[in-house]
Amino acid sequence: MRHTQFSHPSKLVAAALLGLALGACGGGGDDNVVPQSKAFTADGGVSAFYRWNAVLPSAPGVLLQQEPLPASQVLPNASQAVRILYSSTDGDDGKTAIYVSGDLQLPKGAPPVGGWPLIAWAHGTVGVADVCAPSWTVRDPRDVDYLDAWLAQGYAVVSTDYQGLGTPGLHPYLHARPEAYSVLDSIRAVSKNFPQLSSSVVIVGQSQGAQGAIATAAYAPSYAPEIKLLGTVATGVPYQLQSVLAYLNALTAQVPTNGFTSVLGTLEAYAWLGYATAERVVPGFLLSDHLTAKGKTFYAVAASQCLGPIEDNIMQNKLVTSDVFNGDVTAWATQTLQSSNYPTVKFAAPVFVGTGTLDTDIPTAVQYLFAKDACAAGSTIEQHYYPGQTHDSTVLASLADSKPFVQKLFAGLPVTSNCAALTPPP
């Protein structure tokens with residue numbers, strides 16, 4: 001498939017690619033062998049589009065290239081859909097120039113005066129392997145229906161894959177700042193190159209993407225103050241993930257009584273994908289040094305497969321933390337999970353929070369605590385519970401309330417906070 005490359009008049013810097021093997025210096029024989037990196041990257045399996053071999057612009061948010069999406073990935077209500085590659089900043093170190101992939105889908109019909117209002121979608125957990133990047137693979141049917149609903153409202157949808165998904169290096173799963181930078185730079189990239197888009201944006205996200213959406217709202221004033229961010233929609237909001245260790249230990253202790261449950265399997269998958277990113281934030285840490293034989297087998301699956309097969313592997317083998325890791329994970333896992341924290345819960349624009357009362361992936365009490373703390377910080381929060389809805393089903397159920405919320409934002413109408421009426425989950 002052909003793609004368009006864009007030239008840049010700005011100062012250029014070399015691309016820093018993570019996870020490459022280090023070249024050895026010296027004489028002949030074994031001295032010339034190139035040692036293989038031990039870093040866990042989950043790279044490979046995607047097309048050449050996802051590798052940028054030229055120098056990178058010094059500015060983040062520059063569109064590097066685009067190509068049409070395959071017909072199977074074009075949403076039903078889209079008139080045009082393109083895969084994009086754009087410059088960004090490594091969110092973990094806050095300075096290294098990187099590039100990130102994603103896609104843009106435009107509604108049908110003629111754009112309104114001022115251009116299509118823009119929805120920036122932050123996706124939920126798919127895995128860490130490059131082949132799981134939403135711009136590369138076919139989306140989950142739920143996400144197709146959800147994003148198509150926004151297109152039907154006359155909104156364009158830009159979707160980041162996030163740093164390291166599709167592109168080189170390990171995806172810093174559940175790291176708040178990398179997610180935020182990836183979302184913000186996707187907005188910059190399309191806004192500068194697609195004149196049919198308006199300058200107004202609403203961030204929308206679910207699960208990991210809810211974290212990404214909330215992080216985007218938190219980091220936008222400092223990282224991308226020029227973006228006209230009107231508000232945020234988030235369902236299944238993660239918060240204070242350091243508590244996941246104690247929660248998993250409690251569930252594991254119940255296995256002899258309750259058996260190995262699907263709830264535990266799902267949460268272990270989330271946690272262990274997050275633990276893999278310790279290499280990015282803990283000095284001198286190598287994941288391979290901390291794995292049992294079963295752990296190495298599990299991470300071989302995680303490096304090449306997406307969330308469904310990863311969860312299946314955990315369930316089939318009834319894996320718990322002690323099966324995968326050869327020692328106590330508490331210290332380095334806690335340090336790693338600190339990267340999930342939001343820099344603030346005081347947001348400049350309104351935030352919609354949707355919570356299913358049967359959500360076991362992100363417990364309802366955790367989501368309530370986020371809304372409560374954001375309200376206490378002075379944020380404008382519109383919070384809704386969805387009785388009988390799970391982590392998954394809340395996404396579509398929430399449209400009944402999030403559509404009018406977003407319509408108000410784009411129309412410039414005020415959103416009324418319901419913080420005063422906020423109650424713990426039923």
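Predicted model only: the values in this text are computed from it and were never measured.
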Say whether [X] and [Y], considering side chains only, have a donor N or O and an acceptor N or O under 3.5 Å apart.
{"X": "D312", "Y": "Q316", "value": "no"}
{"X": "T292", "Y": "N326", "value": "no"}
{"X": "Q163", "Y": "E179", "value": "no"}
{"X": "Q367", "Y": "T355", "value": "yes"}
{"X": "S135", "Y": "Y50", "value": "yes"}
{"X": "T125", "Y": "Y173", "value": "yes"}
{"X": "Y386", "Y": "S393", "value": "no"}
{"X": "H175", "Y": "T277", "value": "yes"}
{"X": "D328", "Y": "T330", "value": "yes"}
{"X": "S207", "Y": "H391", "value": "yes"}
{"X": "Q242", "Y": "N341", "value": "yes"}

Do [X] side-chain atoms and [Y] backbone N/O form a donor-acceptor pair below 3.5 Å?
{"X": "D323", "Y": "V320", "result": "yes"}
{"X": "S87", "Y": "A59", "result": "yes"}
{"X": "S379", "Y": "I381", "result": "no"}
{"X": "T394", "Y": "G356", "result": "yes"}
{"X": "K108", "Y": "P76", "result": "yes"}
{"X": "N418", "Y": "A421", "result": "no"}
{"X": "N313", "Y": "P309", "result": "no"}
{"X": "D43", "Y": "G169", "result": "yes"}
{"X": "Q335", "Y": "V282", "result": "no"}
{"X": "N317", "Y": "L319", "result": "no"}

Determine whether the aromatic ring centres of [X] and [Y] lie less than 6.0 Å apart.
{"X": "W121", "Y": "Y146", "answer": "yes"}
{"X": "Y219", "Y": "Y342", "answer": "no"}
{"X": "Y86", "Y": "W52", "answer": "no"}
{"X": "H123", "Y": "Y162", "answer": "yes"}
{"X": "Y155", "Y": "W116", "answer": "no"}

Start with the C-alpha gap between H384 and S398, add the side-chain angles, then the distance that decides, and say whether side chain to side chain contact (heavy atoms under 4.5 Å, CB included) holds. CA-CA 8 Å; H384 294 267; S398 67; over 6 Å; no
Taking the side chain as every heavy atom from C-beta outward, state whether [X] and [Y] have any pair of such atoms under 4.5 Å apart.
{"X": "L307", "Y": "V126", "result": "no"}
{"X": "Q105", "Y": "D103", "result": "yes"}
{"X": "I314", "Y": "F260", "result": "yes"}
{"X": "R188", "Y": "P60", "result": "yes"}
{"X": "F352", "Y": "V204", "result": "no"}
{"X": "W150", "Y": "N77", "result": "no"}
{"X": "Y181", "Y": "V100", "result": "no"}
{"X": "V158", "Y": "L118", "result": "yes"}

Hey, which of D145, L69, V144 is the one that makes side-chain contact (heavy atoms from CB on, under 4.5 Å) with L75?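 It is V144; the other options fail the test.
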Between [atom1] of [X] and [atom2] of [Y], what distance do you get to the nearest 0.5 Å?
{"X": "L337", "Y": "L245", "atom1": "CG", "atom2": "CG", "value": "5.5 Å"}
{"X": "T252", "Y": "L267", "atom1": "OG1", "atom2": "CG", "value": "9.5 Å"}
{"X": "Q305", "Y": "C132", "atom1": "CD", "atom2": "SG", "value": "7.5 Å"}
{"X": "Y223", "Y": "T89", "atom1": "OH", "atom2": "OG1", "value": "3.0 Å"}
{"X": "R51", "Y": "T167", "atom1": "CZ", "atom2": "OG1", "value": "7.0 Å"}
{"X": "K296", "Y": "L291", "atom1": "NZ", "atom2": "CG", "value": "7.0 Å"}

Classify the ring geometry between W332 and F325 as parallel (under 30°), tilted (30 to 60°) or perpendicular (over 60°).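 Judged by the thresholds at 30° and 60°, the geometry between W332 and F325 is perpendicular.
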Hey, what's the ring geometry for Y299 with F40, parallel, tilted or perpendicular (30° and 60° as the breaks)?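 Aromatic pair Y299/F40 classed perpendicular.
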Closest approach of [X] to [Y] (non-hydrogen atoms, all atoms of both residues):
{"X": "P178", "Y": "P172", "answer": "CB-CG, 3.6 Å"}
{"X": "A374", "Y": "F347", "answer": "CB-CE1, 4.2 Å"}
{"X": "L399", "Y": "A149", "answer": "CD1-CB, 3.8 Å"}
{"X": "A120", "Y": "V183", "answer": "CB-CG1, 4.1 Å"}
{"X": "A129", "Y": "A303", "answer": "CB-O, 3.5 Å"}
{"X": "A210", "Y": "G236", "answer": "CB-O, 3.9 Å"}

With a 6.0 Å cut-off (strictly less than), is the heavy-atom count around NZ of K294, excluding the residue itself, greater than 12?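 No, NZ of K294 has 12 or fewer neighbouring heavy atoms, counting only those of other groups under 6.0 Å.
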Is it the case that over 12 heavy atoms from other parts of the model lie below 6.0 angstrom from the NZ atom of K318?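 Open.
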Starting from the C-alpha separation in whole Å, work towards a yes-or-no answer on side chain to side chain contact (heavy atoms under 4.5 Å, CB included) for L251 and N249. CA-CA 6 Å; L251 288 176; N249 288 339; over 6 Å; no
Assess whether side-chain hydrogen bond (donor to acceptor under 3.5 Å, both in side chains) is satisfied between S88 and D185, documenting all intermediate values. CA-CA 6 Å; S88 189; D185 287 327; 2.6 Å; yes
Indicate yes or no: does [X] engage [Y] in a salt bridge with an N to O separation below 4.0 Å.
{"X": "D161", "Y": "R83", "value": "no"}
{"X": "R177", "Y": "D92", "value": "no"}
{"X": "R139", "Y": "D148", "value": "no"}

Check the pair V415, L409 against side chain to side chain contact (heavy atoms under 4.5 Å, CB included), reporting the backbone distance first and the verdict last. CA-CA 7 Å; V415 171; L409 294 178; 3.7 Å; yes
Show your working on side chain to side chain contact (heavy atoms under 4.5 Å, CB included) between R142 and D392 and close with a plain yes or no. CA-CA 8 Å; R142 182 207 69 190; D392 180 69; 2.9 Å; yes
